[in-house]
Amino acid sequence: RWYDRLPSKAEGVVTDAVWNLSHHSAGMMVRFQTDASSIHARWELLSGNLALPHMPASGVSGLDLYARDERGDWRWAAATRPTQQSMEVKLLQGIKPGLREYALYLPLYNGTESLAIGVPDGAAFKGLPPRKIDPIVFYGTSITHGACASRPGMTHPAILGRRFDRPVINLGFSGNGRMHAEVGDLLKELNSAVIVIDCLPNMNAESVSKRTIPLVKQLRSAQPNTPIILVEDRRFTNAWLIPEKATFHDANHAALRRAYTDLKVSGVPNLFYISGDDLLGHDAEGATDASHPNDLGFMRQADVFEPILREALRLIDANHDRKK
């Protein structure tokens, strides 16, 4: 399927759950240039389940439009409110004159069967080709997948993609991002600028200790110098009140830190680390259900990720310059 996140050869290799979740179009966006005074969209969804109990249809099944402003920065322009499996909407009208670039993010927790963008007769329209610059690749859980963003452009991978003006590949699998070696084999095939491993919310300390080092070495076998970022799990926003949850996070964090230290001591290069303590902030307002970020939580996560990603990308640029 055109909008699947994994290649067809992954079926029967990854778990059935990961394969089914790969039909969701999380992280995908199309870019185009137009001077149209109005922009329309028509899309067909894979599933008639348009929303989740804790996540609105606008994020699960909707489209999200951004445009470049006069300074070249990405700014939000329009979102949608899906009410059925086949949708046709006017995204935006009364647009001020000018030829500009747009990006349209696809649904996070639903599959996209088809997509069409419409403009009035006589308007200029050009689909923009994929960017040649290597993407930031995120491998993670439901949080990376996009729960519980109000719209597709509000996940932290999408936010960071705009901030760095770089393509993003979202390999978040709700409940199933667990450092699987089978997914690692697929990650090895990508020409990645940076690989972000953010699987701890779906794991415990034992599995973190068992799988982190093998996954990093697996990736290193094919990509010896690509920066790899290991991310601790965010803390539940009510963990301050529930000691069992706090203890769970403590154990997870300690297990990942030990693995990171062992990898560094063994000489694994270009390895970075993000602590989980600050990901959702400290006021307990960053999540929808204690676990999954709301839009505020996703923005906070992006703020924590950004300086580490910037450091990793500087390393890539420096290596590129040396090769020149």
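Positions are given from 1, in the same order as the sequence printed here.
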Exercise for the section: Apply side chain to side chain contact (heavy atoms under 4.5 Å, CB included) to the pair T155 and T144, showing each step before the final yes or no. Expected result: CA-CA 7 Å; T155 67; T144 300; over 6 Å; no
Practice task
Quick one: sort the F32 and Y102 rings into parallel, tilted or perpendicular, breaks at 30° and 60°.
Solution key: parallel
Exercise for the section: Would you give the length of the straight line joining atom CZ of R257 to atom NE2 of H253, rounded to the nearest 0.5 angstrom? Expected result: 10.5 Å
Problem - From I213 atom CD1 to D262 atom CG, the distance as rounded to the nearest 0.5 Å - result: 4.5 Å
[X] side chain to [Y] backbone, donor-acceptor under 3.5 Å:
| X | Y | value |
| --- | --- | --- |
| R211 | R178 | yes |
| Q85 | E44 | no |
| N270 | N225 | yes |
| R234 | P201 | no |
| T34 | A36 | yes |

Can you tell whether the side chains of [X] and [Y] come within less than 4.0 Å, N to carboxylate O?
| X | Y | value |
| --- | --- | --- |
| E206 | K210 | no |
| E70 | K96 | yes |
| D165 | R131 | yes |
| R300 | D283 | yes |
| D73 | R68 | no |
| R235 | D250 | yes |

Exercise for the section: Tell me, with the steps shown, if D35 and K126 meet salt bridge (charged side-chain N to carboxylate O under 4.0 Å, His left out). Expected result: CA-CA 10 Å; D35 61 359; K126 181 173 71 172; over 6 Å; no
Would you say that [X] contacts [Y] through its side chain, given a criterion of any heavy-atom pair below 4.5 Å between the two side chains?
| X | Y | answer |
| --- | --- | --- |
| D233 | F248 | yes |
| H156 | D198 | yes |
| L104 | D64 | no |

Exercise for the section: Mark yes when over 12 heavy atoms from residues, nucleotides or ligands other than R1 sit less than 6.0 Å from its CZ; otherwise mark no. Expected result: yes
Exercise for the section: Evaluate whether atom CD of Q84 has more than 12 neighbouring non-hydrogen atoms of other residues, nucleotides or ligands under 6.0 angstrom away. Expected result: yes
Practice task
Please list, chain by chain and in numerical order, all residues satisfying side chain to side chain contact (heavy atoms under 4.5 Å, CB included) with H282, sequence neighbours excluded.
Solution key: D278
Practice task
Say whether H292 and D289, considering side chains only, have a donor N or O and an acceptor N or O under 3.5 Å apart.
Solution key: yes
Completion exercise
Checking V208, L279, I274, L256 against E232 for side chain to side chain contact (heavy atoms under 4.5 Å, CB included), the one that qualifies is L256
Exercise for the section: Report the residue from S142, P152, S47 that forms a side chain to side chain contact (heavy atoms under 4.5 Å, CB included) with Y109. Expected result: S142
